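Because the structure is a prediction, the values reported are computed rather than measured.
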Amino acid sequence: MTSVADTKSAVSAYKGCVKEKGGVNACSDERAAAVKGISSAVKGECSPYVEDFFTCFAHRYRLSSCSDATVGKLLKCQEQFTGHLMSSA
C-alpha cells in the first residue's frame, strides 16, 4: 500500500511533468503512479464506508441501516480525500 506522502509526491511529479513537457500524453508513467497511489490511499481511508456499502449491497439494501446515506457517505469520502490529495500536491 502506498503512503499518503508517496501519493502526494507522485501527484506532484505528474503535475511537474505536465508543465515541463507541455501535455498529459508525455507523462503516462507519472500519471499511472499518481492514479495508483490515489486509489490505494482512498481505498484505505474510506474502507469503513466501503464495508458498509457492500454489507448493504449483499443484503440487497434490506437492512435497516441501509439508505441513500450509505452510498452518499462513501462517495463523499472518496471525493473529499481525492480532492485533498490532488490539491495539496
Participant: Hey, could you give me the NZ/CG distance between K73 and L75, rounded to the nearest 0.5 Å?
Facilitator: 12.5 Å
Participant: Report yes or no: does S87 contribute a side-chain atom to a donor-acceptor pair with the main-chain N or O of G83 at less than 3.5 Å?
Facilitator: yes
Participant: Run the numbers on L85 and K8 for side chain to side chain contact (heavy atoms under 4.5 Å, CB included), then give the verdict.
Facilitator: CA-CA 6 Å; L85 291 173; K8 288 181 180 181; 4.3 Å; yes
Participant: If only atom types and distance count, is the side chain of T70 paired as donor or acceptor with the main-chain N or O of C66 below 3.5 Å?
Facilitator: no
Participant: Are any non-hydrogen side-chain atoms of V50 and L74 less than 4.5 angstrom apart?
Facilitator: yes
Participant: What residues, two or more places apart in sequence or in another chain, satisfy side-chain contact (heavy atoms from CB on, under 4.5 Å) together with T55?
Facilitator: H59, L63
Participant: Just by distance, do the side chain of S47 and the backbone of G44 share a donor-acceptor pair under 3.5 Å?
Facilitator: yes
Participant: Should F54 and V42 be regarded as members of a common hydrophobic cluster, given that ILVMFWY residues are connected when their side-chain heavy atoms come within less than 4.5 Å of each other, either directly or indirectly?
Facilitator: no
Participant: Roughly how far, to the nearest 0.5 Å, is CD of E51 from SG of C46?
Facilitator: 12.0 Å
Participant: Measuring from atom OH of Y49 to atom NZ of K76, what distance do you get when rounded to the nearest 0.5 angstrom?
Facilitator: 8.5 Å
Participant: How close do V4 and A41 get, counting heavy atoms only, and between which atoms?
Facilitator: CG2-CB, 4.5 Å
Participant: Side-chain contact test, heavy atoms from C-beta onward, threshold under 4.5 Å: evaluate it for D68 versus Y61 and give yes or no.
Facilitator: no
Participant: Identify, with sequence neighbours excluded, every residue that meets side-chain contact (heavy atoms from CB on, under 4.5 Å) alongside S39.
Facilitator: none
Participant: Does K15 reach the main-chain N or O of M86 with its side chain, forming a donor-acceptor pair under 3.5 Å?
Facilitator: yes
Participant: Test of understanding: with side-chain contact (heavy atoms from CB on, under 4.5 Å), list the residues that count as partners of S28, not counting sequence neighbours.
Facilitator: R31
Participant: Is a donor from one side chain sitting under 3.5 angstrom from an acceptor on the other, for S9 and D6?
Facilitator: no
Participant: Which residues pass the side-chain contact (heavy atoms from CB on, under 4.5 Å) test with C27, sequence neighbours left out?
Facilitator: Y14, C17, V18, K21, E30
